[in-house]
Amino acid sequence: MIDWLSIESKWRKIWHDEKYFEADPSSQKKFFVTVAYPYPNSPQHIGHGRTYTLADVHARFMRMRGYNVLFPMGFHYTGTPILGMARRVQENDKELIEAFRTLYKVPEKNIKEFSEPVKIADYFHQEIKSGMIEMGYSIDWRREFTTIDPVYNKFIEWQFRKLRSKNLVIQGSHPVGWCPKDQNPVSQHDTLGDVEPSFTEYILIKFRYEKYIIPTATLRPETIFGVTNLWINPQVTYKIASVDNETWIVSTECARKLEFLDKKVKVIGEIKGSELVGKKVKIPDRNEEIVIFPASFVKSENGTGIVMSVPAHAPFDYQALEDIKKSSDDQNLSSIAKTILPISIIQTDGYGEIPAKEVTERFQIENQNNPKLEEATKELYAKEFYGGKLKQNTGRFAQKTVADAKEEVKKWILQSNNADILFELNDGPIRCRCGSECVVKLLNNQWFLDYSNKKWKDDTHLWINEMKILPEEIRGEFNYVVDWLRERACARQHGLGTKLPWDKDWIVESLSDSVIYMAYYILAKYVNEKQLVAENLGDEFFDYVFLGDGDSKKIASSSKISHDILENIKNEFQYFYPVNARHSGRDLVPNHLTFFVFNHIAIFPKKYWPEEIVVNGSVLMEGKKMSKSMGNIIPLRDAIRTHGADPIRLAILISAELLQDADFNLEAVRGIKNKLENMLGECPKYKADQSNNQEQEDRWLQSRLQQLILEITSAMEKMRLREALHYVLYEFDSDIQWYLKRTDAKNRKNISGTLHEIFSARVSMLSPFAPHIAEEMWNKLGNSGVVSKSLWPSVLENKIDAAALQSENLLKSTLEDIKNILKVTKISPKRIIIYTSDSWKTKAYQKILSSVIKGEMNIGILIKSLIADKDTENVKMDPDFVKKTVNDILSEPVESRESKAKSGLVEEKKILLEINSLVQKEFGVEVQVFGESDAQKYDPKNKARTARPFKPAILIE
RNA sequence: GCGGGAGUUGCCAAGCCUGGUCAAAGGCGCAGGGCUUAGGACCCUGUCUUUUAGGAGUUCGUGGGUUCAAAUCCCACCUCCCGCACCA
């Protein structure tokens, strides 16, 4: 057993004391890696650890490759959830406070202060930071900041003025979920039951009745061409209200909704639904009148409480019309109804003239109160929306698809003032935590970032296509998001953050004040050293430092800093920018990461645009999604205490490749811990040894090392960390095992030097992943300095010995063959005889090999050309040889084929003499080696003739 | 519906881009053996079917196709997961 925690803290202290991870400009090439900073509203758990660990491995890898790596960290205080939490603490919310106590283990005295939002952020900020330190992240902590620091506020003000000056900030109206009592927008955290308030846009079509307007809400404005009548609920009492300058008849609920949609609503009377039954209304833009019929399916809380009827395409309407025709309540109405024919306006494949009729009949619906109507409606709407085309009777919209026509009809009908818009909450009613029912409110002075700006979008597309994006599969998603983004609200009225500089009622929203902050890490160091003070900083300071604009002397004096410091800051920015790699979880692709690219493009010159984005998947806990309700969230710091930081880092990284969900499970942690402990145990055994007593297996192991370095390095460059780690932890083992088997069979004692070399390289390559234990191993190996600052191993071509690789492969495969034979025959061997192939076969092999490499593997052609040559004409005695040899060659790696072709074939007879010690050790018998045609060979079963190059014949007795 | 991803041998999961190294890595599980007072840990061997000579057969969601050769390329289909916003 080893004491992980003390080993880890020992090395962390050394890194810290020696300031290994503090990066300042130098003559070295730089690498700037950043991660999305955390929002401190809870302690971080294993899941959060993944992105940071990935970035840390990246940072450490690049550092070992000789880069001056800057890996900084900040804390994102901006946002509303913390505000909501503080409010709940003020209201003494039992559930939340209990969670603080038991789940997050927050000390009582801190909880008391949590009614103040900043205290919550401060507490979890420290908590998260401690976890990051304990995980061994190689962060330059001198550059830490929060998004409510005064200088940061100045920085965001600069950003927003910059964006506005480029016309990328615009003002407009915008619907939000809203609590009428709190006078506040509501998000998921603000509602009872944590429901996300979402809403749908309905089009109100204005029908005219005498001096009144009767609006009906619809999702399908294009069906106005198929309207035959209206539906009203005779039981409901409607309001007569003046709405802006018109007089509307709508349900009580609707009148209330309209108030929040920026309309002047005044109720001036009431009217029973039944009074309107049988009345006629005028269809907008057409001089036609239609009648109002009663229907029980019409609900006053939906839309306006009055519905337009399109019986050809709406199952509800079709069925309600049928119901009236059959009804005996009102002979007059039903006889009018009988004269009404559905007007078909949409042609859809698979449906005839009256689709609503077909669907209703197929679902066997007998009246309008049948719940199956919902299903029928859904089916038909979906089919028509994506597959339907408007018919000739829709005039200028004829031939258009429903999806297109919907938007065009909406535009057209709104323009002629025959329509309006109504927002309706989905899955209502939704209640605020205060208990009152939420509505949709139209905010009409909202500020937006104009992501629909054509030029901005185009530039972003171009850059997205040029950037390095890992994994490559996700690039398409970025392009999709860029296309799909439109205006985005960038300010809100509550929460921590920076005030909008020109409209102090608004606070810059959290996904908009976190898009270019990577540049701020340069300033943060000077802020923390107290060299920059907010009051002294104006836009000209930022313009100079980030864009190089303006007169440095003047700016130095207005900012009250020395000219030298100003220059230092600017130079430091120019040194470290652009961001070389940004890491984040994939949930930030459709928002933060895309905004990050957009905003860099808007604000900075091209040379400062980000170079690379690395996206990772999430973390599962024992195969399941982590969630509070499942109780399977493991706080990161708890996990570090029980398992150690390195095993956790590896367990997170090894379970999945970048985009996959990683499964964290204790089994894996234990396995890795053991693996590392075993490796550590090996280290003290090996000492560096300069003497050059290398035998074939030493040269072979050295060659394998070079191949592994090559594989691991290329995996690291592609951020295929699981693969790299796999090589480091496991692939090495099988090679070392073979080496030990060989040296053991030969009774060699002088193997420490080779193993020391192998282990040192291995530990080097382990160190980005498991930095603490790697230091300990490095130290136990007797190497000087820290491995974190050592150089990443490079491939030494001259250490690759093709002959050694070939020879050891031959030994392995021959030994394998012997085992196979023994397994099948189940005989216990008394003697083993090996026969190597004749020289003509070797020549034929080489010819076949070079043809195969050229792509010629047709057996007939090969045989012909071999027979034509005197050296290989023997092939005609054994034509099967060619086919088998081609298969042999095809069943080995391309590189090994090529190296064989290049270096020529080794002499098998000599090599196979080496197998004797191995066979002795394993089976306790002697091996004899003969050539296929040796005169005095022992070959009672006539096996020798089946020998092929690299496939000697074997006889076991 | 749109956009993205996935379906592999008991389970998890590589391989697919760049076809032949693939009966298909690794881990877990399971079986046998070693070590140990025992348990754990660790080490070795085995783990599709068949086979007393290193072989053969059938497999990588389903069905087609291209190719000397397909888990890998192309087409169609089925199933599952994620995102679709103003929220961090």
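Residue numbers start from 1 in every chain, and the chains themselves are labelled A, B, ... in the order their sequence lines are given, proteins ahead of strands. Given the structure is predicted, the values throughout are model-derived calculations rather than measurements.
Closest approach of A:Val169 and A:Cys490 over heavy atoms only: CG1-SG, 4.5 Å.
Only the C1' atoms considered, B:C60 is 10 Å distant from B:G7, to the nearest whole Å. When the C1' atom is compared between B:G19 and B:C12, the two are found 27 Å apart, to the nearest whole Å. A gap of 27 Å separates the C1' atoms of B:A6 and B:A88, to the nearest Å. Between B:A70 and B:U79, the two P atoms lie 29 Å apart (nearest whole Å). The P atoms of B:G15 and B:G65 are separated by 29 Å, rounded to the nearest whole Å. For the C1' atoms, the distance linking B:U47 with B:G10 amounts to 10 Å, nearest Å. Spacing between B:C82 and B:A13 at atom P, rounded to whole Å, works out to 15 Å. The same atom, C1', is picked in B:G46 and in B:U9; the two are 16 Å apart, to the nearest Å.
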CA sep, side-chain torsions, deciding dist, call: A:Arg742, A:Glu808, salt bridge (Lys or Arg N to Asp or Glu O under 4.0 Å): CA-CA 10 Å; A:Arg742 289 270 282 135; A:Glu808 293 296 315; 2.8 Å; yes
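Salt-bridge formation is detected for the pair A:Asp888/A:Arg948: a Lys NZ or Arg NE/NH1/NH2 atom is positioned less than 4.0 Å from an Asp or Glu carboxylate oxygen.
Applying the Watson-Crick and G-U wobble criteria (two distances, each under 3.5 Å), B:C60 pairs with nothing in any strand. Using N1 to N3 plus N6-O4 or O6-N4 for Watson-Crick, or N1-O2 and O6-N3 for G-U wobble, each under 3.5 Å, B:C42 pairs with B:G34. Base-pair partner of B:C2: B:G83 (Watson-Crick or G-U wobble, both distances under 3.5 Å). When both pairing distances are held under 3.5 Å, B:C17 makes no Watson-Crick or G-U pair with any nucleotide shown. Nucleotide B:C73 is matched to B:G65 when pairs are restricted to Watson-Crick or G-U wobble geometry with both distances under 3.5 angstrom. Nucleotide B:C28 has B:G10 as its partner under the Watson-Crick or G-U criteria, with both atom distances under 3.5 Å.
Side-chain N/O atoms of A:Arg492 include one lying less than 4.0 angstrom from OP1 or OP2 on B:A88. Taking side-chain N and O atoms only, A:Gln737 has no distance below 4.0 Å to OP1 or OP2 of B:C43. Between A:Thr78 and B:A88 there is no side-chain polar atom (N or O) within less than 4.0 angstrom of OP1 or OP2. The phosphate of B:G15 (OP1 or OP2) has a side-chain N or O of A:Arg720 nearer than 4.0 angstrom.
Position along RNA chain B of the nearest nucleotide to A:Ala953 versus A:Lys741 favours A:Lys741 as the more 5'-ward residue. Two residues, A:Ile954 and A:Leu485, neighbour RNA chain B, and the one matched to the more 5' nucleotide by heavy-atom proximity is A:Ile954.
Across the protein-nucleic acid pair, A:Leu849 atom CG and B:G20 atom P stand 17 Å apart, rounded to whole Å. The NZ-C1' distance, from A:Lys675 to B:C42, rounds to 11 Å in whole Å. As a whole-Å value, the separation of A:Gln44 CD from B:A88 P is 20 Å. Between the NZ atom of A:Lys943 and the P atom of B:G54 there is a distance of 8 Å, rounded to whole Å. In this structure, A:Asp587 places its CG atom 19 Å from P of B:G4, rounding to the nearest Å. Atom pair A:Glu201:CD and B:C84:P shows a separation of 19 Å (rounding to whole Å applied). Between the CG atom of A:Asp483 and the P atom of B:G4 there is a distance of 12 Å, given to the nearest Å. In this entry the distance linking CG of A:Leu83 with C1' of B:A88 reads 13 Å, nearest Å.
Listed for the A:Asp939 side chain is a donor-acceptor partner under 3.5 Å among the backbone atoms of A:Ala944. A distance-only check finds a donor-acceptor pair linking the side chain of A:Thr147 to the backbone of A:Tyr77 [under 3.5 Å].
Within 4.0 Å (heavy atoms only), A:Ile654 reaches no atom of the nucleic acid at all. If you check every strand for non-hydrogen atoms under 4.0 Å, A:Arg475 touches nothing. Base contact: A:Leu511 has a heavy atom under 4.0 Å from a base atom. Using a 4.0 Å heavy-atom cutoff across all strands shown, A:Pro952 reaches at least one base atom of the nucleic acid. Heavy atoms of A:Leu729 sit nowhere under 4.0 angstrom from any nucleic acid atom. Counting non-hydrogen atoms under 4.0 angstrom, A:Asn591 reaches a base of the nucleic acid. Nucleic acid contact class of A:Glu487 (heavy atoms, under 4.0 Å, all strands): base.
A cation-pi arrangement is not found for A:Arg488 relative to A:Phe595, the charged atom failing to lie both closer than 6.0 Å to the ring centre and inside a 45° cone about the ring normal.
Below the 3.5 angstrom threshold, one finds a donor paired with an acceptor across the side chain of A:Asp817 and the base of B:G54.
For A:Leu890, counting side-chain heavy atoms from C-beta on, the closest listed nucleotide (B:A53, B:G20, B:C42) is B:G20. Side-chain proximity of A:Arg722 to B:A88, B:A53, B:A25: nearest is B:A25. Checked against B:A53, B:A88, B:C2, the side chain of A:Ser510 finds its nearest nucleotide in B:A88.
No donor-acceptor contact under 3.5 angstrom links the side chains of A:His592 and A:Asp587, judged on distance only. Donor-acceptor pairing under 3.5 Å is recorded for the side chains of A:Asp513 and A:Thr78.
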